[in-house]
Colleague: 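Mind looking over this structure? Questions follow.
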Number of protein chains: 2
Amino acid sequence: MSIETSPASTPVWHHIDDAECRRFQSSVELVGKRWSSGILLAVAQGSSRFSEIVATVTGLSDRLASQRLKELEQAGLVHREVIATTPVQIHYSLTDRGADLMKSLQPLVSWGQRWAR
Amino acid sequence: MSIETSPASTPVWHHIDDAECRRFQSSVELVGKRWSSGILLAVAQGSSRFSEIVATVTGLSDRLASQRLKELEQAGLVHREVIATTPVQIHYSLTDRGADLMKSLQPLVSWGQRWAR
DNA sequence: CTGGATCCCTATCGATACTG
DNA sequence: CAGTATCGATAGGGATCCAG
């Protein structure tokens, strides 16, 4: 699956693979869910504790933070580590997969810059 | 706003700009909405007529196609052209901005390939 | 501190029917 | 052909309270 734009021409579709298409779609839908990108950015930034993430992402509630983190963990993007202190500490971090995703999202950031109004 | 991963280390946050962050978030949320990516891919592929898009994107209904296309048009990603024939024909195409978006999404496709299970 | 459970409200969806 | 209108069902979200 790839898309190319030749100069002064229309985009061209080169190859479609259904499974790949679904993977792409589910990825972009997860990341596109409300708060997901904010949480990923916060974690990428260095926020590791639950309350830290909630504080970093403006407007994010406990409930949604919990829910999204669970989804992101299930998707293998975020790693959850329990540290047996009292009280218990939880550390969140990006998995390799998650970190690679963030790098793959960088062109999208640049796109936003290029076309800023 | 940029994210980097140094070898064998954790991702590093270099710079945050709130406006840029919101732009990024709203972009990814629009593209991440159900059917959006499918529609964009269909149009990038060459589907230009309304019914063609609906037929190309499996499971997409008239109503949602209409709604998403309106959103994508408002976001400046898709161009809608009315051709005064009888009956009237509508042609959809990617704007330059939309085509550039699709190119910026390519690393995400590659990411999906790299981490396919 | 890190969430889980509940309530309740709104947005969104799919299906169906209809129009210029 | 290219949508719009309407409706009931469902999912998502905020607020609040509670627990290990």
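Both backbone and side-chain heavy atoms feed into the values below; hydrogens, waters and symmetry mates do not. In what follows, chains carry the letters A, B, and so on, assigned in the order in which the sequence lines appear, proteins first and then strands, with residues in each chain numbered from 1.
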Colleague: Scan residues 73-99 of chain B for pairs that pass salt bridge (charged side-chain N to carboxylate O under 4.0 Å, His left out), counting only residues two or more places apart or in two chains.
Modeller: none

Colleague: Work out which heavy atom in B:Phe50 is nearest to a heavy atom in B:Ser66; give both atom names and the distance.
Modeller: CE1-N, 3.8 Å

Colleague: Could you grab the distance from atom CD1 of A:Ile53 to atom CG of A:Leu69, nearest 0.5 Å is fine?
Modeller: 5.0 Å

Colleague: Do B:Leu41 and B:Met102 touch side chain to side chain, with heavy atoms closer than 4.5 Å?
Modeller: yes

Colleague: Rounded to the nearest 0.5 Å, what separates atom CG in A:Leu105 from atom OG in A:Ser27?
Modeller: 10.0 Å

Colleague: Between C1' on D:dA11 and NZ on B:Lys33, what's the gap in Å once rounded to a whole number?
Modeller: 14 Å

Colleague: Would you indicate, yes or no, if D:dG3 has its OP1 or OP2 atom less than 4.0 angstrom from a side-chain nitrogen or oxygen of B:Tyr92?
Modeller: yes

Colleague: In whole angstroms, how far is the C1' atom of D:dA19 from the CD1 atom of A:Ile90?
Modeller: 14 Å

Colleague: Is there a donor-acceptor pair closer than 3.5 Å between any side-chain N or O of A:Thr56 and the backbone N or O of A:Glu52?
Modeller: yes

Colleague: Between residues 57-83 of chain A and DNA chain D, which residues have a heavy-atom gap below 4.0 Å?
Modeller: A:Arg63, A:Leu64, A:Arg68

Colleague: Counting only N and O atoms by type, is there a donor-acceptor contact under 3.5 Å from the side chain of A:Thr95 to the main-chain atoms of A:Leu77?
Modeller: yes

Colleague: Which value, rounded to the nearest 0.5 Å, describes the distance between A:Leu72 atom CG and A:Lys70 atom NZ?
Modeller: 12.0 Å

Colleague: Quick one: how far along DNA chain C does chain B reach, first to last nucleotide 5' to 3', anything under 4.0 Å to a heavy atom?
Modeller: C:dC13 to C:dA15

Colleague: Does A:Val88 or B:Phe50 map to a spot on DNA chain D nearer the 5' end, using the closest nucleotide for each?
Modeller: B:Phe50

